[in-house]
Amino acid sequence: MEDTEGRIAAQDFSGEEPRNLGADRAVCPICPHACALAEGQTGLCRARVAEGGQVVDANYGRITSLALDPVEKKPLARFRPGSKVLSVGSYGCNLRCPFCQNASIACVGERDVLWREIAPAELVELAASLAPEGNIGLAFTYNEPLVGLEFVRDTARLALERGLANVLVSNGYVNDGPLHEVTPLIDAANIDLKGFTQSFYNLVGGDLVTVKHTIEVLAATPTCHLEVTTLVIPGLNDSDQEIAEAAQWLASLDPSIPYHLTRFFPCHRLTDRPATPPKTVHHLADVARHYLKYVYVGNC
């Protein structure tokens, strides 16, 4: 169903029994937060709003960031190396990482950042026009793209029709139904595995089980190339045991999943500790290599 502003209303993918919220509340189906919103109210992600008894994608086509990036910057180490991808971002995110590296767009709403509206067809045309410059398609990235699932879905469908690749860079905090709606449209994904304990996900406002499920689904999708990234933060997720357990679990899905370990630098609200020593990242990469075939370090 399409509303008067052209945004596609979210379907109910939550799989949960309806709750007695009253006629003036709508439950967002996109992620486990299941925000119950009164008419006009915006969800935790600041990108979805209740309109007409449904929760719709309020950041649909609202682009804050657009750049032709090397595909390795996503990071994707083993998908079309040497090529470029038109990277696009909006605003909003359904996690609250104190170390967010893109807080200026991920942690804000429509009134807090400059954006311009670009329709899916226009974005696909732009991507196609950049093929002579080495562009292979579109990457949905920078903020959390799946809080704008409808825009990702509509744009990705058009991109596939033009023979363009679709790349998803996501925190993986999404319900099963929306995940399965976009998975067939995605050629490559990099999912943030922010830590491998629930206590770490308590810090960022999510849950490990959901993210693991996202990774499992993508790993089992033959048409999607999957890579995984962990930002290594001193004192939070930098133990040998945690990285070993994460790598061992990834290897149980597929030992050929590329795993990126990247160096933390103080930013946003996490400035109480120094940058991760490069030797720590390299050491943890060696730990992960006991289980995985392809392990990469970043920001070192």
Side-chain angles (χ1 to χ4, degrees), residues 8 10-15 29-32 57 71-81 83 85-88 94-95 120 124 127 136-194 196 206-230 246-260 288 291-296:
I8 308 301
Q11 300 175 49
D12 184 3
F13 290 120
S14 65
I30 296 299
C31 83
D57 174 7
V71 73
E72 290 84 359
K73 192 176 178 181
K74 297 305 94 190
L76 290 170
R78 305 190 65 80
F79 178 77
R80 312 275 295 266
S83 60
V85 63
L86 183 61
S87 301
V88 57
N94 56 354
L95 295 183
V124 169
I136 61 169
L138 287 163
F140 303 96
T141 181
Y142 299 136
N143 71 310
E144 172 49 49
L146 293 183
V147 298
L149 178 132
E150 295 87 344
F151 181 75
V152 172
R153 176 197 64 200
D154 295 350
T155 307
R157 283 175 178 167
L158 294 177
L160 286 181
E161 291 173 3
R162 293 294 299 271
L164 297 170
N166 291 309
V167 172
L168 176 70
V169 182
S170 171
N171 62 32
Y173 195 59
V174 61
N175 285 334
D176 184 66
L179 174 63
H180 277 88
E181 187 175 11
V182 298
T183 293
L185 307 173
I186 302 302
D187 297 284
N190 189 298
I191 303 299
D192 281 339
L193 183 59
K194 294 183 181 291
F196 206 64
D207 70 78
L208 177 60
V209 170
T210 297
V211 177
K212 287 175 67 177
H213 176 71
T214 296
I215 292 170
E216 288 168 349
V217 169
L218 293 171
T221 303
T223 55
C224 181
H225 171 83
L226 172 66
E227 304 195 14
V228 175
T229 297
T230 296
Q248 191 170 14
W249 174 74
L250 289 171
S252 74
L253 305 178
D254 182 351
S256 294
I257 294 174
Y259 188 31
H260 300 259
Y291 308 98
L292 292 166
K293 186 175 181 180
Y294 304 113
V295 180
Y296 301 91

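All residue numbers in this chain count up from 1 along the given sequence. Atom set for the values below is all heavy atoms of this structure, side chains included, hydrogens, waters and symmetry mates excluded.
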(Q) Working note: E161 + V124, criterion side chain to side chain contact (heavy atoms under 4.5 Å, CB included); need CA distance, chi angles, decisive distance, verdict. (A) CA-CA 10 Å; E161 291 173 3; V124 169; over 6 Å; no
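K74 approaches S87 most closely through the heavy-atom pair NZ-OG, 2.9 Å. Smallest separation of non-hydrogen atoms from P75 and N190: O-ND2, 2.6 Å. Closest approach of L292 to V295, counting heavy atoms only: CB-CG2, 3.9 Å. Heavy-atom minimum distance, G137 versus L164: CA-CB, 3.9 Å. Across all their heavy atoms, P29 and N175 have their closest contact at O-ND2, 2.7 Å. The heavy-atom pair separating A188 from I186 by the smallest distance is O-CG2, 3.2 Å.
Here the NE2-CG distance, from H213 to L218, works out to 9.5 Å after rounding to the nearest 0.5 Å. The CD atom of E227 lies 11.5 Å from the OG atom of S256; values are rounded to the nearest 0.5 Å. The OG1 atom of T214 sits 8.0 Å away from the CG atom of D176 when rounded to the nearest 0.5 Å. From T210, atom OG1 reaches atom CG of N171 across 10.5 Å, with rounding to the nearest 0.5 Å. We find the CD1-CG distance between I191 and L193 to be 10.0 Å, quoted to the nearest 0.5 Å. D192 CG to L95 CG: the interatomic distance, rounded to the nearest 0.5 Å, is 9.0 Å.
Counted within 6.0 Å of NZ on K212, heavy atoms from surrounding residues, nucleotides or ligands total more than 12; the atom is thus considered enclosed.
No side-chain heavy atom of V85 sits less than 4.5 Å from a side-chain heavy atom of R80. Proximity of L250 to Y291: side-chain heavy atoms (C-beta onward) are nowhere separated by under 4.5 Å. The shortest distance between side-chain heavy atoms of P178 and R153 does not fall below 4.5 Å. Contact annotation: the side chain of H225 approaches that of L76 to within less than 4.5 Å [non-hydrogen atoms, C-beta and beyond]. Proximity of D57 to L149: side-chain heavy atoms (C-beta onward) are nowhere separated by under 4.5 Å. Annotation: side chain of V71 is not in contact with side chain of P81 (no heavy-atom distance under 4.5 Å). The shortest distance between side-chain heavy atoms of T223 and P184 does not fall below 4.5 Å. A heavy-atom distance below 4.5 Å is found between the side chains of Y173 and D207.
Remark: the backbone N or O of N166 is paired with a side-chain donor or acceptor of D187 at under 3.5 angstrom.
Taking the six-membered ring for Trp and thresholds of 30 and 60 degrees, F196 and W249 have ring planes inclined between 30 and 60 degrees apart. Between F140 and F151, the angle of the ring planes goes over 60°, which puts this pair in the perpendicular group of the 30/60° scheme.
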